[in-house]
Amino acid sequence: MDNLIQQFRNLPTTAISDAMDGLSNLDSAIKPLKEEFRMAGRALTVQIPVGDNSVVLKAIGEAKPGDIIVVDSKGDTYRAIAGDFVVGMMQTMEIGGLVVDGVIRDLEAIKELNFPVFSKGTTVASSGKAGVGETNVPISCGGVTVYPGDIIIGDIDGVVVVPKDKGEEILVKAKDKIMKDEQRAGKYAGKPDEIRKYIAMMTNKG
């Protein structure tokens, strides 16, 4: 994992989102299957039609260790794009995580794998394998355009996308946001009078 990715991994998605004015957050319905799941890596994008996951298998073969497979499944919540077998292969190939604007299945087994999966939920229906779709193309996932190589960060609050050419800039802004939040917390924590002043200041604007 390169240094830039590692630094993003250590930051909360909320601060990264604020650094981009909240414009690169995936649909809030896309959440980790376990609260403790956290991930950061480069996007390997996958575009598939509803109900077909064969190109997800192709992506597993193409991915480099640490890559995040990001799947545009058109928001479908009927057929799973992966189950425990497919996710297990991702883990064996040292892929960094899976994000899909759809659903998976075999929830209990995937949780036991402790592999970061972010999805809209689970289903019981499997996908077909007609072989239609593409990898490493621009996609739309969770309402956000994702390009191959973009930086994907996920934690308990959701998933954010950092454009690959703005990584350093957004990292600096996110760290600055965290520092300012910590200073604000220190100023008001345990001080009722200061809190009243802050509320008055914020509610009397204009």
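Hydrogens, waters and symmetry mates are skipped; everything else that's a heavy atom, side chains included, is used.
- In this structure, CD1 in Ile60 is found 12.0 Å from CD in Gln91, a value given to the nearest 0.5 Å.
- Not one N or O on the side chain of Thr45 forms a donor-acceptor pair closer than 3.5 Å with the backbone of Tyr147.
- Cluster membership for Ile48 and Val144, using ILVMFWY side-chain heavy atoms within less than 4.5 angstrom, is shared.
- Within the 4.5 Å cutoff, no side-chain heavy atoms of Lys175 are placed close to those of Met179.
- One finds the CG atom of Asp27 at 9.0 Å from the SG atom of Cys141 (value rounded to the nearest 0.5 Å).
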(message) If you apply the rule side-chain contact (heavy atoms from CB on, under 4.5 Å), what do you find for Thr14 with Lys177, and how did you get there?
(response) CA-CA 10 Å; Thr14 50; Lys177 179 64 168 61; over 6 Å; no
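- Among all heavy-atom pairs drawn from Ala43 and Val146, the shortest one is CB-CG1, 3.9 Å.
- Other residues, nucleotides and ligands contribute only 12 or fewer heavy atoms inside 6.0 Å of the NZ atom of Lys64.
- Of the possible donor and acceptor atoms, none in the side chain of Asp155 sits under 3.5 Å from a partner among the backbone N and O of Arg38.
- A continuous path of ILVMFWY side-chain contacts below 4.5 Å connects Leu33 to Ile152, so both sit in one hydrophobic cluster.
- Residues Ile151 and Ile5 are in side-chain contact: their nearest non-hydrogen atoms beyond the backbone lie under 4.5 Å apart.
- Atoms OG and CZ, from Ser119 and Arg105 in turn, are 14.0 Å apart once rounded to the nearest 0.5 Å.
- At a threshold of 4.0 Å, the pair Glu194-Lys197 counts as salt-bridged, since one of the basic side-chain nitrogens sits closer than that to a carboxylate oxygen.
- Proximity of Arg42 to Leu4: side-chain heavy atoms (C-beta onward) are separated by under 4.5 Å at one or more points.
- Val70 and Val55 fall within a single hydrophobic cluster, where Ile, Leu, Val, Met, Phe, Trp and Tyr are joined by side-chain heavy atoms under 4.5 Å apart, directly or via other members.
- Around the NZ atom of Lys164, the shell of radius 6.0 Å holds more than 12 heavy atoms that belong to other residues, nucleotides or ligands.
- Between Val161 and Met20 the shortest side-chain heavy-atom distance does not fall below 4.5 Å.
- Residue-environment remark: NZ (Lys74) exceeds the threshold of 12 foreign heavy atoms within 6.0 Å.
- Heavy-atom minimum distance, Phe118 versus Gly158: CE2-O, 4.1 Å.
- Between the OG atom of Ser24 and the CD1 atom of Ile170 there is a distance of 8.0 Å, given to the nearest 0.5 Å.
- The environment of CD in Glu36 is crowded: more than 12 heavy-atom neighbours from other residues, nucleotides or ligands sit within 6.0 Å.
- Residues Phe37 and Ile69 share a hydrophobic cluster, clusters being chains of Ile/Leu/Val/Met/Phe/Trp/Tyr side chains in contact below 4.5 Å.
- Across Asp84, Thr92, Val87, a single residue satisfies side-chain contact (heavy atoms from CB on, under 4.5 Å) together with Phe115, and that is Val87.
- When all heavy atoms of Ala19 and Ala174 are compared, the pair lying nearest together is CB-N, 3.7 Å.
- The only option from Val99, Val117, Leu98 that meets the side-chain contact (heavy atoms from CB on, under 4.5 Å) definition with Met39 turns out to be Val99.
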(message) side chain to side chain donor-acceptor pair (under 3.5 Å) for Thr77 and Lys120? Distances and angles first, verdict last.
(response) CA-CA 7 Å; Thr77 57; Lys120 286 186 172 181; over 6 Å; no
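- In terms of heavy-atom proximity, Ile199 sits nearest to Thr203 at O-OG1, 2.7 Å.
- The OG1 atom of Thr123 sits 8.5 Å away from the CZ atom of Arg79 when rounded to the nearest 0.5 Å.
- Ion pair Asp176/Lys173 not flagged as a salt bridge, since none of the NZ, NE, NH1 or NH2 atoms sits closer than 4.0 Å to an Asp/Glu carboxylate oxygen.
- To the nearest 0.5 Å, atom CD1 of residue Ile153 and atom CD1 of residue Ile68 are 9.5 Å apart.
- Under the 4.5 Å side-chain heavy-atom criterion for ILVMFWY residues, a single connected hydrophobic cluster contains both Val100 and Ile95.
- The closest side-chain heavy-atom distance from Asp181 to Arg184 is below 4.5 Å.
- No more than 12 heavy-atom neighbours from other residues, nucleotides or ligands sit within 6.0 angstrom of NZ on Lys166.
- Between Ser73 and Val50, the shortest heavy-atom distance links the atoms O-CG2, 4.0 Å.
- Residues satisfying the ring-ring contact (aromatic ring centres under 6.0 Å, His included) criterion with Tyr198, sequence neighbours excluded, are Tyr188.
- Using a 4.5 Å heavy-atom threshold, the side chains of Val86 and Ile81 count as separate.
- For the pair Met89 and Val56, the minimum side-chain heavy-atom distance is 4.5 Å or more.
- Side chain of Ser17 to backbone of Thr13: no donor-acceptor contact under 3.5 angstrom is found.
- Ile104 has its side chain within reach of Thr122: a pair of non-hydrogen atoms, C-beta onward, lies under 4.5 Å apart.
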